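Let me begin by presenting the structure, written as structure tokens, before commenting on it.
Values in this document were obtained by computation on a predicted structure and should not be read as measured data.
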Amino acid sequence: MFERLKEDIRTVMERDPAARNTFDVLTNYPGLHALLLHRAAHKVWRFGFCWLGRTLSSFSRWLTGIEIHPGARIGRRFFIDHGMGVVIGETAIIHDDVTLYHGVTLGGTSPNRGKNHPSNRGKRHPTLMKGVVVGAGAKVLGPFVVGANAKIGSNSVVIREVPEGATVVGIPGRIIEKREEMDSRRQKMAEKIGFDAYAVTENMPDPTANAISAMLDHMQAVDSRIEKLCMTLRDRGLDCGDKQLPELREEDFASVKSDADIEVSSHS
């Protein structure tokens, strides 16, 4: 029992830079309090004392602002950061090393009754595999699986299965896929002005970011066309005016880079 408690405290210390020491974690972290109370509630629930399990769960919600149904199954090194407003349903299954932020709901979309030990039949809530991270305010609704090491962005609404290692954002949640093959010049141009179009533009539902992405595509296409034109002129012995283009200085795009960094942080 004490080894499990020490593991829980280490988990908090590793994942929250604000955690200062063991006493601080034990006394001031509602996520840890809710987890410890849930273990007691889950134990009596499994033995058939459902009223007592629900009463412990209600006390935990009153104390911590976190509602975990006593029927939910939770693995090791589970961490709830801040915690206020977290709701975890009866048939939810959470594997090891999962992190939830405040306002997360692991909810159901079916009125069917669940079982104390949920199987596919009667399961109404999601299953989070090992290493999943769910951002603040996200809603994961339904009896599907969120694959190992997947990430769900803040305020996303996820209603279908998430593959292993994927990142999901938006309402309804959609999977972000980073292209494996990118045009190197386009990527360098985006990085030069401090705007990584593949990390921000195409993946985030931001009209300003989308507009900048379209502009980058256009600039790259024009650059390629001019280069081909100059090559053709040189092949025919004509001077295409090999004047060096003005250099793009990083300081000229400092404010753009700052705004892009803020946008990325707001979606993480």
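Rounding to the nearest 0.5 Å gives a distance of 4.0 Å between CD1 of I68 and CD1 of I88. In this structure, T232 OG1 and E227 CD are separated by 11.0 Å, a value rounded to the nearest 0.5 Å. Taken to the nearest 0.5 Å, the CE atom of M13 stands 8.0 Å off from the CG atom of D24. Taking CD1 from I80 and CG from L35, the interatomic distance works out to 7.0 Å, rounded to the nearest 0.5 Å. Summarising the geometry, atom CD1 belonging to I66 is positioned 8.0 Å from atom CE belonging to M84; distances are rounded to the nearest 0.5 Å. The line from CD1 of I94 to OG1 of T99 is 10.5 Å long, rounded to the nearest 0.5 Å.
Of all non-hydrogen atoms in I175 and A166, the two that sit nearest each other are CG2-CB, 3.9 Å. Closest non-hydrogen pair, W45 versus P70, comes out as CE3-CG, 3.6 Å. Of all heavy-atom pairs between P163 and A150, the closest is O-CB, 3.9 Å. Residues A138 and I152 approach most closely at CB-CG2, 3.9 Å, considering heavy atoms. Residues G170 and S156 come closest through the heavy atom pair N-OG, 3.2 Å. Across every non-hydrogen atom of A41 and G53, the tightest pair is CB-O, 3.6 Å.
Side-chain contact between R15 and V133 is absent, with no heavy atoms from C-beta onward closer than 4.5 Å. For the pair I9 and Y29, the minimum side-chain heavy-atom distance is 4.5 Å or more. Side-chain contact between V134 and V158: absent, with no pair of heavy atoms (C-beta onward) separated by less than 4.5 Å. Residues H38 and S57 fail the side-chain proximity criterion, which asks for heavy atoms closer than 4.5 Å. Between E164 and M129 there is no side-chain heavy-atom pair separated by less than 4.5 Å. Two residues are said to be in side-chain contact when any heavy atoms from C-beta on lie closer than 4.5 Å; E7 and R4 meet this criterion. Contact of the L32 side chain with the V25 side chain is registered, since non-hydrogen atoms from C-beta on lie closer than 4.5 Å. Proximity of V86 to T64: side-chain heavy atoms (C-beta onward) are nowhere separated by under 4.5 Å.
Remark: side-chain polar atoms of H95 are not paired, donor with acceptor, to backbone N or O of I74 under 3.5 angstrom. T91 places a side-chain N or O within donor-acceptor distance of the main-chain N or O of R124, the cut-off being under 3.5 Å. Looking at K123, its side chain does come within 3.5 Å of a backbone N or O of H125 through a donor-acceptor pair. Judged purely by atom type and a 3.5 angstrom limit, T55 uses its side chain to pair as donor or acceptor with the backbone of W51.
Using a 4.0 Å cut-off between charged nitrogen and carboxylate oxygen, R76 and D96 do not count as a salt-bridge pair.
A single hydrophobic cluster is not seen to contain both V104 and I159; linkage of ILVMFWY side chains at heavy-atom distances under 4.5 Å, directly or through other members, places them apart. V12 and L36 fall within a single hydrophobic cluster, where Ile, Leu, Val, Met, Phe, Trp and Tyr are joined by side-chain heavy atoms under 4.5 Å apart, directly or via other members. Linking Ile, Leu, Val, Met, Phe, Trp and Tyr whenever their side-chain heavy atoms come within less than 4.5 Å puts V98 and V168 in one cluster. When the side chains of ILVMFWY residues are joined at heavy-atom separations under 4.5 Å, either directly or via intervening members, L56 and F49 end up in a single hydrophobic cluster.
F144 CZ: more than 12 foreign heavy atoms inside a 6.0 Å radius.
Of the residues listed (L128, D97, L100), the one engaging F78 in a side chain to side chain contact (heavy atoms under 4.5 Å, CB included) is L100, and it is the only one.
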